[in-house]
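Okay, so here's the structure we're looking at.
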Amino acid sequence: MLQTDATHSWFAIAVLMLSTSLAYAAPDGSGISDGVVRIAVLGDYGSGRDLGGPGSVTAARLAAADFHNKVLGKPIEIISADHQNKPDVAVGIARQWFDVEHVDAVTDLAVSSVGLAVAGLATQSNRTALVSGAATSDLTGDKCSPVITHWADDTYALSAGLVGELSRRVGKEWFFVAVDYSFGTAMVKDASRAVTDAGGKVVGAVRYPFNTTDFSSFLLAAQNSGAKVVALAGTGADTVNAVKQTHEFGLQQGGQTIVGMLTFISDVHSIGLRDAQGMYIASQYYWDDDDGTRAFAKRFIEIEKREPTKLQAATYAAVRHYLKAIEAGGSDEAKAVNAEMRKLPVDFFGRPAHIRKDGRVVYDLSLYRVKKPDESKYPWDYYQKIAVIPGDKAFRPEGTGGCKLDK
């Protein structure tokens with residue numbers, strides 16, 4: 001009798017699980033929670049507004065437009081807010097979105113501390129995090145989750161791939177000028193290991209407060225180190241100010257090469273080619289690379305009147321793939337749609353990419369050198385491609401970052 005009751009119980013559970021999975025895979029749109037796919041863009045509208053900000057909202061809307069603003073017959077809604085570069089503010093906004101406004105997915109999340117905090121909340125709340133802004137590789141390391149995918153080129157790729165290539169081409173003695181928060185810490189850690197692995201040497205590092213305007217003491221330390229390569233591990237206005245001041249102190253004239261470890265085309269635009277020329281950067285997207293990148297850029301510039309950054313491009317690719325996975329799987333439930341995202345091949349502006357189990361989006365990374373003013377032939381013609389770093393070489397090997405999805 002006890003065995004019969006147990007059998008009935010297991011049968012009931014099996015039926016419930018089957019019915020639940022069928023609900024999530026409903027092609028008629030009944031697997032869409034609240035009848036709306038609601039995507040929130042949480043970005044930086046302050047010093048980093050040109051990197052993501054309103055442009056990320058435009059990118060998300062362009063991705064929704066690819067689906068005629070509906071998926072499985074249900075409307076797609078794009079909302080947005082400014083996280084002010086404050087993790088506590090970001091978490092407060094995201095909590096309101098998840099608990100009250102029924103947001104299904106959040107994207108952008110520029111600044112690593114913000115990305116980690118909101119992605120953690122998304123995991124607790126069973127919502128999707130499409131991280132296109134934060135660069136820390138911890139998102140696919142010990143902070144990984146079945147509902148997080150990482151679309152930005154991360155600190156490991158921007159160090160291991162970039163450092164290895166530049167150590168061969170430019171020099172083996174490195175000095176780091178890094179912002180003093182989680183991104184800068186992760187970047188210096190990953191890059192230092194890459195320098196050593198490439199047979200080079202880290203001769204020094206300094207950290208500066210976020211939103212620094214006077215880099216004189218930090219750049220003098222870099223200059224006096226005698227390092228062949230001075231790597232700037234910062235973003236936005238910090239990078240713009242630092243690069244301009246490298247010329248004031250004559251670093252390039254003294255034979256040192258400047259590397260922007262997380263530099264955006266909007267930064268180069270603000271710096272100007274006179275001061276930015278010769279700087280090396282790595283990126284997964286440059287608007288003028290090929291027909292695929294130019295097609296998106298054409299649509300974007302019609303609205304924003306400037307070329308898209310790699311963050312904005314990553315936001316477009318992330319939202320587009322998310323919607324494609326909802327369409328294929330019939331559900332916007334976080335675990336279900338993320339499993340579908342990992343199964344589907346990624347169309348990264350006409351180039352193949354894929355998503356690993358740990359959430360890392362793997363694509364080829366390119367190394368660029370900023371052009372001299374007389375090499376630029378038309379507006380925003382800023383980069384010369386030097387090398388392509390294959391995705392399996394650029395990103396940290398799966399299984400080595402501490403991701404444990406069964407925890």
Side-chain angles (χ1 to χ4, degrees), residues 135 153-180 183-208 212 214-235 238-264 267-268 271-283 365-373 375 382-389 393-394:
D153 40 11
D154 63 28
T155 52
Y156 182 95
L158 293 170
S159 57
L162 179 65
V163 169
E165 194 68 34
L166 284 176
S167 291
R168 290 189 292 273
R169 293 174 178 271
V170 180
K172 294 187 179 296
E173 297 79 32
W174 287 63
F175 188 99
F176 293 98
V177 180
V179 64
D180 193 11
F183 158 72
T185 300
M187 182 65 84
V188 172
K189 179 185 72 174
D190 287 340
S192 296
R193 185 184 303 114
V195 169
T196 302
D197 291 345
K201 180 181 179 182
V202 177
V203 299
V206 290
R207 301 183 186 277
Y208 62 85
T212 291
D214 183 3
F215 283 84
S216 56
S217 62
F218 310 111
L219 294 178
L220 282 171
Q223 187 176 46
N224 292 334
S225 74
K228 181 65 177 176
V229 181
V230 176
L232 306 176
T235 60
D238 286 351
T239 297
V240 171
N241 288 327
V243 173
K244 286 182 176 180
Q245 291 175 44
T246 61
H247 281 273
E248 295 176 19
F249 288 94
L251 271 67
Q252 292 89 335
Q253 296 91 317
Q256 292 179 301
T257 297
I258 307 301
V259 175
M261 302 200 74
L262 185 59
T263 303
F264 296 80
D267 299 329
V268 174
I271 297 165
L273 292 185
R274 183 182 67 86
D275 288 340
Q277 61 180 299
M279 181 169 66
Y280 285 88
I281 69 165
S283 179
L365 207 62
S366 294
L367 174 66
Y368 301 96
R369 183 170 56 223
V370 177
K371 291 183 174 181
K372 299 176 182 178
E375 294 174 332
Y382 295 158
Y383 295 171
Q384 178 185 357
K385 184 179 289 189
I386 302 300
V388 174
I389 307 164
K393 302 293 185 185

Distance-minimising heavy-atom pair for Ser283 and Leu365: C-CD1, 3.6 Å

Where Ala242 and Leu232 come nearest, the two heavy atoms and their spacing: CB-CD1, 4.1 Å

OG1-CE distance between Thr235 and Met261, expressed to the nearest 0.5 angstrom: 13.5 Å

Separation between CD1 of Ile258 and OG1 of Thr239, rounded to the nearest 0.5 Å: 11.5 Å

Verdict with supporting geometry, Val188 and Thr155, side chain to side chain contact (heavy atoms under 4.5 Å, CB included): CA-CA 9 Å; Val188 172; Thr155 52; over 6 Å; no

Thr212 side-chain N/O to Tyr208 backbone N/O, donor-acceptor pair under 3.5 Å: no

Euclidean distance, Leu219 CG relative to Ser225 OG, rounded to 0.5 Å: 11.0 Å

Check: Gln223 side chain, Phe249 main-chain N or O, donor-acceptor pair, under 3.5 Å: yes

Heavy-atom closest pair, residues Leu251 and Ala222: CD2-CB, 4.5 Å

For Lys228, side chain to side chain donor-acceptor pair (under 3.5 Å) partners two or more places apart: none

Shortest non-hydrogen contact between Asp267 and Leu262, atoms and distance: OD2-O, 4.3 Å

Partner residues of Glu248 under the side chain to side chain donor-acceptor pair (under 3.5 Å) criterion, sequence neighbours left out: none

Trace of the side chain to side chain contact (heavy atoms under 4.5 Å, CB included) decision for Val243 with Met279: CA-CA 9 Å; Val243 173; Met279 181 169 66; 3.7 Å; yes

N/O donor-acceptor pair under 3.5 Å between Gln384 side chain and Arg369 backbone: no

Under 3.5 Å: donor-acceptor pair, side chain of Asp238, backbone of Gly234: no

Nearest-0.5 Å distance, CG of residue Leu367 to NZ of residue Lys385: 10.5 Å

Spacing of CG belonging to Asp180 relative to CZ belonging to Arg207, to within rounding of 0.5 Å: 6.0 Å

Atom pair OG (Ser159) and CG (Asp154), whose distance is rounded to the nearest 0.5 Å: 8.0 Å

Minimum heavy-atom distance Ala221-Val206, with the two atoms named: CB-CG1, 4.1 Å

Gln252: partners by side chain to side chain donor-acceptor pair (under 3.5 Å), with sequence neighbours left out: Thr246, His247

Qualifying residues under ring pair (Phe, Tyr, Trp, His ring centres under 6.0 Å), relative to Tyr383, sequence neighbours excluded: Tyr286, Tyr368

Side chain to side chain contact (heavy atoms under 4.5 Å, CB included) between Val230 and Thr257, worked out: CA-CA 6 Å; Val230 176; Thr257 297; over 6 Å; no

Flag if over 12 foreign heavy atoms under 6.0 Å of NZ, Lys372: no

Heavy-atom pair with the smallest gap, counting every atom of Ile389 and Ala394: CG2-CB, 3.8 Å

Mind listing the side-chain donor-acceptor pairs of residues 169-179 below 3.5 Å, one per line with the distance, residues two or more places apart or on another chain?
unit_1	atom_1	unit_2	atom_2	d
Arg169	NE	Glu165	OE2	2.9
Arg169	NH2	Glu165	OE2	3.3
Lys172	NZ	Ala198	O	3.0
Trp174	NE1	Gly171	O	3.2

Side chain to side chain contact (heavy atoms under 4.5 Å, CB included) between Gln256 and Val229, worked out: CA-CA 6 Å; Gln256 292 179 301; Val229 181; over 6 Å; no

Within residues 183-206 or reaching into it, pairs that qualify as salt bridge (charged side-chain N to carboxylate O under 4.0 Å, His left out) - sequence neighbours excluded: Asp190-Arg193

